[in-house]
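Report on one structure; see the data block that follows.
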Amino acid sequence: MTEHTPQPTYNPREIEAKWQKRWETARAFETEADPSKPKYYVLEMLPYPSGTMHMGHMRNYTIGDVVARVKRMRGFNVLHPMGWDAFGLPAENAAIKNKTHPREWTNKNIAEFQRTLRRFGFSFDWRREISTCEPEYYRWNQWFFLRMLEKGLAYKKKSRVNWCPKCCTVLANEQVINGFCWRHEDTQVEVREIEQWFLKTTAYSEQLLDDLKLLEGTWPERVITMQRNWIGKSQGARVQFAVSDTGGGESIEVFTTRIDTIFGASAIILAPTHPLVAKLLRDSPVKAEAETKLAQIRKMSVKAEDLATAEKEGFFTGRHAVNPFNNARIPIWVGNFVLMEYGTGAIMAVPAHDERDFEFATKYHLPKPVVVIKEFSPHAEKEIAKAEHAEKEVPPAAPTEPFTEYGVSVNSGPYSGLESAVAIDKMAADAQAQGFGKKETVFRLRDWGISRQRYWGTPIPVIYCEKDGMVAVPDKDLPVLLPPNPKLTGEGESPLAATPEFVNTTCPKCGGSAKRETDTMDTFVDSSWYFYRYCDPHNSQAPFDSAKVKYWFPIDQYIGGITHAILHLLYSRFWCKVMCDLGLIDHVEPIARLFTQGMVQKGGVAMSKSRGNVVGAEEMAEKYGADTGRLYTLFAAPPEKDLEWSEESIEGSWRFLNRVFRLVAKHAATVSSTGTLACAPATNAPQNVPFGITSAALTNLTAREQSLLRKTHQTLRRVTQDFETRWHFNSAIALIMELTNEIYAQEPLEGNIRPEITREALEKLTLMLAPMTPHLAEELWEMLGHKEGLSAEAWPQFSEDLARENEVEVVVQINGRVRGKVKVSAGADQDEVVAQAKADASIATHLAGKQIKKIIFVPDKLVNLVAQ
RNA sequence: GCCCGGGUGGCGGAAUGGCAUACGCGGCAGACUUAAAAUCUGCUGUCCCUCACGGGGCAUGUGGGUUCGACCCCCACCCCGGGCACCA
């Protein structure tokens, strides 16, 4: 180099601040619904603002931001908003600990989170920011609640709930992990009976299940599977067994998916909490011992309920029931493995055809009659066919293991000889006809308990009046505000109940004194519809304007962790269906495409504050700059896989960006001052001449020029594919690195590569980096002489002509082993390639004394000579 | 137990039927420098033959199979990670 002026050096801190400011001034990412433009709604799951942000958080937003920026460059009107899941327990706990207000703690965290996100240059439309703890937001939670109350979708019932003694609140079933609290891994959950508010998710069981079909192909398969299992549809039948020896005319209803095995039932087993148990025991001959055993089981069941390994325990009630199909008298038992919450809380035990029943029967020496076999043995077939029934097929010996598959019924009266599926249909129909049963579908899914006995959540808008009973708060009185100064102790009754100025109110109907509901809502309510609010965040008349939602929805791309695969996404889908029925929207699924990114780990475990293995986002930005952090999280692993953070590897990303910066800085002057740069629009360009370059600039290319131009467009072609269809950001970056290496390999460029071509290479390089390292790309773009910022720039198109190789290397295999390579012109036919291959000395050696029996030819790639 | 994902150099990973190990990290050697840092260049799976130039064999968890050709497709198994787990 001849010049003596010092080259500028890459200073991310300066560059990043500069461009963030410009984007803000230019309102570069603000967006409005505009039906004349194609829209794209990309969203990352909203964060719970607690602690400080680490690179695990940033990975999520980086992926989303790349998508948002690529789509913008592709001409879409992009909605990319951000907000805060701001209600929740930690704020309240922190408030108790620090004697502050939850709002204070929350707002402080939000401010910090926001600063970090801004520092990473994510292209959010900040005007649309929402915070779920603000009355402007949570009043609409209340509004939705009232609509559901009107439709009977919100109701109150006394129910057994999980109670965490540390949280002092009710936990949802799904917040209980193997009997322990999801937040306090060492705290065992207790069972209590409390009046609770529920949302009727079960009203949509069928729809929630069916519509999963609409998501196939665009949602990860495992998320769909998890939801399907969670909803847990079972088709079966209810059957009533009359109790034969109490004289009270009671009957027990069981649920079974295998009514075809009913002739093999050797007992009825009730859940320990089944309401009939007490009645059965009242005058039972075995009353004393049974009650002792029941007490034992009840005591144990709370603890053992969630332990799958618990041994089956049970006892005989001393009573019997009659099988309606064959009038057999079978004993009624109580078993700890029968769940009151599922089905009817009672089962018929068919030991020969159910693993659990088998285990139970073995322990308590109940008979195991076989009533289904795999198939008739071939030699017996004739006999069976003419036999009236298949009774004699089965040996009387007790089975050694249960046969749980479908097969053929035997020893089943008129149903013997039928295939299981047929028998199930027929027997259910007969049961219905005779009035002791019917077909029934049962779901595992339960209603969503939303009551929380906590302060920092949405107050449930209901008032209790002595005269009028429960009264809904009228819409005009919304929002029901949280009292500003609660007494937060973390103990005893809920904070709202302890705040008289909140509790005591007047009845909206009669004006008399009344009391408010003191439960607040589960925070999953907030996150079930927040993405609708982004479309119209400041609407004070309605949760949103339906026209705006109609434009933006569904969400084109939702990005988040797999941890929300069930609850958040299921509740969101439920909310959508309710809103659809309310006539607020006209789509049935809110999220068209879902992507679940991998975790960021350090030392093999997920980054988390409690583990102390976090890499702080601020420190990252401070040390290397946001662009390096963004690039590294994209480069180190494919987005769906877990990423192991390495302090050493990140240096590579940092070095690469420096390398690009130096390259552009070195040639910026030459390139940007070249007035001859042709930027003819593609439409005016003559054929075979790529856009952006005039034919004059393309004549008489030297081999080096041609090769650089070719590499540039080959890279562009593959990077475009990686961005658009595969989301392989890591390999896209590898390709961009290769291009950079190639440009360096052509140094010195001056005098060897004409400026138009240098410019072409450097500009395309910059544009390809733009979605990933936007600050650096803007800076480079400016250095290259552009006055307009990159945010207005379109994604570049590649030219097939320029990307095409005119000479290719074809691999020559002999019997499938690589033995050499030949250079031929692109598109050379088989004869030509084979001729060249034979001419190669080393290949000739391998072919010596052999006869070519077959030739496999893949144009421009490979020829395989099969020789003997 | 059941379901899903994964197993490729010293490390992160690339290649979805056609040159395995791209790209990056680390390592080694060299250039520049008084020196260091930074930067640049080259080498870097493994074994064997060769002074060398070269050449050959073997390698994508294991064992089989399909194919002219397999990291890729099929079958069986092992290991790791995650989810579900008495749902009748």
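Note on naming: letters A, B, ... go to the chains in the order of the sequence lines (proteins, then strands), and numbering restarts at 1 for each one.
Comparing the C1' positions of B:rC19 and B:rC71 gives a spacing of 14 Å, expressed to the nearest Å. For the C1' atoms, the distance from B:rC58 to B:rC73 is 24 Å, rounded to whole Å. Separating the P atom of B:rU44 from that of B:rG24 is a span of 15 Å, rounded to the nearest Å. Using atom P as the reference point in both B:rA70 and B:rU62, the two lie 15 Å apart (nearest Å). Separation of the P atoms belonging to B:rC4 and B:rA76 is 13 Å when rounded to the nearest angstrom. Here the separation of B:rC11 from B:rG61, taken at their P atoms, is 13 Å to the nearest Å. Comparing the same atom, C1', in B:rA35 and in B:rG55 gives a spacing of 44 Å after rounding to whole Å. B:rG7 and B:rG56 have their P atoms separated by 31 Å, with the value rounded to a whole Å.
Within the nucleic acid shown, A:Arg228 has no heavy atom closer than 4.0 Å to any nucleic acid atom. Note on A:Arg238: nothing from the nucleic acid sits closer than 4.0 angstrom, heavy atoms only. Contact annotation for A:Ser234: backbone-only contact, meaning every heavy-atom pair under 4.0 Å involves sugar-phosphate atoms and none involves a base. No engagement by A:Asn658 is indicated, since no non-hydrogen atom pair under 4.0 Å with the nucleic acid exists. A:Gln813 comes within contact range of at least one nucleobase, with a heavy-atom separation under 4.0 Å.
Taking a pair to require two hydrogen-bonding distances under 3.5 Å in either a Watson-Crick or a G-U wobble arrangement, B:rG1 pairs with B:rC84. In this structure, B:rU39 forms a base pair with B:rA31, meeting either the Watson-Crick or the G-U wobble geometry with both donor-acceptor distances under 3.5 Å. Under the Watson-Crick or G-U wobble criterion, with both distances below 3.5 Å, B:rG26 is paired with B:rU44. Figure legend. B:rC53 is base-paired to no nucleotide; pairs are counted as Watson-Crick or G-U wobble with both atom distances under 3.5 Å.
Checking B:rC19, B:rG18, B:rA88 against the side-chain heavy atoms of A:Glu809 singles out B:rC19 as nearest. Here the nucleotide nearest the side chain of A:Asn730, chosen from B:rA22, B:rA14, B:rA15, is B:rA14. The nucleotide whose nearest atom lies closest to any side-chain atom of A:Arg726 is, among B:rG18, B:rA88, B:rU16, B:rU16. You'll find that the side chain of A:Val818 is closest to B:rA20, out of B:rA20, B:rA14, B:rA88. Closest to the A:Pro638 side chain, of the nucleotides B:rG57, B:rG13, B:rG69, is B:rG13. For A:Val858, counting side-chain heavy atoms from C-beta on, the closest listed nucleotide (B:rG18, B:rC86, B:rG24) is B:rG18. Listed nucleotides B:rA88, B:rA85, B:rG57 differ in distance to A:Arg444; the shortest reach to its side chain belongs to B:rA85. Here B:rA88 is the nucleotide among B:rA88, B:rG83, B:rC68 with the atom lying nearest to any side-chain atom of A:Tyr342. Taking only side-chain atoms of A:Phe337, from C-beta outward, the nucleotide of B:rC23, B:rA15, B:rC86 with the closest atom is B:rC86. In this structure, of B:rC19, B:rC40, B:rC68, it is B:rC19 that holds the atom nearest to the side chain of A:Val811.
Side-chain N/O atoms of A:Lys861 include none lying less than 4.0 angstrom from OP1 or OP2 on B:rG18. Between A:Arg659 and B:rC40 there is a side-chain N or O to OP1 or OP2 distance below 4.0 Å. Side-chain nitrogen and oxygen atoms of A:His728 include at least one within less than 4.0 Å of the OP1 or OP2 phosphate oxygen of B:rA15. Side-chain nitrogen and oxygen atoms of A:Asn229 include none within less than 4.0 Å of the OP1 or OP2 phosphate oxygen of B:rA85.
Judged by closest nucleotide on RNA chain B, A:Glu738 is the one of A:Tyr744 and A:Glu738 placed further toward the 5' end. For A:Val866 and A:Arg662, each mapped to the nucleotide of RNA chain B holding its nearest heavy atom, the one lying further toward the 5' end belongs to A:Arg662.
Proximity of the aromatic rings of A:Trp654 and A:Tyr632 is defined here by a centroid distance below 6.0 angstrom, and this criterion is not met. Here the two rings, on A:Phe325 and A:Phe436, have centers that are under 6.0 Å apart.
Shortest non-hydrogen contact noted between A:Gly264 and A:Pro369 is O-CG, 3.6 Å.
Both tests do not hold together for A:Lys233 against A:Phe443: distance to the six-membered ring centre under 6.0 Å, angle to the ring axis within 45°. In this structure, A:Arg659 satisfies the cation-pi test against A:Tyr744, with its NZ or CZ atom closer than 6.0 Å to the six-membered ring centre and inside 45 degrees of the ring normal.
Atom NZ of A:Lys821 and atom CD1 of A:Ile843 lie 10.5 Å apart (nearest 0.5 Å).
The neighbour count for A:Lys363 NZ, taken as heavy atoms of other residues, nucleotides or ligands under 6.0 Å away, is above 12.
A heavy atom lying under 4.0 Å from RNA chain B marks the following residues of residues 647-655 of chain A, by number: A:Glu648, A:Ser649, A:Gly652, A:Arg655. Of all the residues in residues 251-258 of chain A, A:Phe255, A:Thr256, A:Thr257 reach under 4.0 Å from RNA chain B with at least one non-hydrogen atom.
Separating the CD atom of A:Glu644 from the P atom of B:rC80 is a distance of 18 Å, rounded to the nearest angstrom. The CG atom of A:Leu634 sits 13 Å away from the P atom of B:rA14 (whole-angstrom rounding). As a whole-Å value, the separation of A:Asn815 CG from B:rG69 P is 9 Å. The separation between A:Phe635 atom CZ and B:rG13 atom C1' is 8 Å, rounded to whole Å. For the pair A:Leu735 CG and B:rG13 C1', the interatomic distance rounds to 14 Å; values are reported in whole Å. The nearest whole Å value for the distance from the OH atom in A:Tyr632 to the P atom in B:rG24 is 14 Å. In this structure, the CZ atom of A:Arg817 is 10 Å from the P atom of B:rA70, given to the nearest Å.
Classification of A:Asp357 and A:Lys368 as a salt-bridged pair fails, no side-chain N sitting under 4.0 Å from a carboxylate O. Checked for salt-bridge contact, A:Lys823 and A:Glu809 miss the test: no charged N lies under 4.0 Å from a carboxylate O.
The aromatic rings of A:Phe360 and A:Phe337 lie tilted to each other, with the angle between the two planes from 30° to 60°. Aromatic ring orientation, A:Trp333 versus A:Tyr364: tilted (interplanar angle from 30° to 60°). Ring-plane geometry between A:Phe595 and A:Trp727 is classed as tilted, the angle between the planes lying from 30 to 60 degrees on a 0 to 90 degree scale.
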### Query
Given the rule in the side-chain hydrogen bond (donor to acceptor under 3.5 Å, both in side chains) test, do A:Gln746 and A:Glu742 qualify, once you have shown the distances and angles that lead to the verdict?
CA-CA 6 Å; A:Gln746 294 300 335; A:Glu742 175 65 19; 3.1 Å; yes
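Regarding the sugar-base torsion, B:rG9 falls in the syn class, its angle being within 90° of 0.
No hydrogens or angles were tested; on distance alone, a donor-acceptor pair under 3.5 Å links the side chain of A:Lys312 to the base of B:rC86. Below the 3.5 angstrom threshold, one finds a donor paired with an acceptor across the side chain of A:Lys821 and the base of B:rC19.
Side-chain contact check for A:Ser409 and A:Ser412: no donor-acceptor pair (N or O, by modelled atom type) lies under 3.5 Å.
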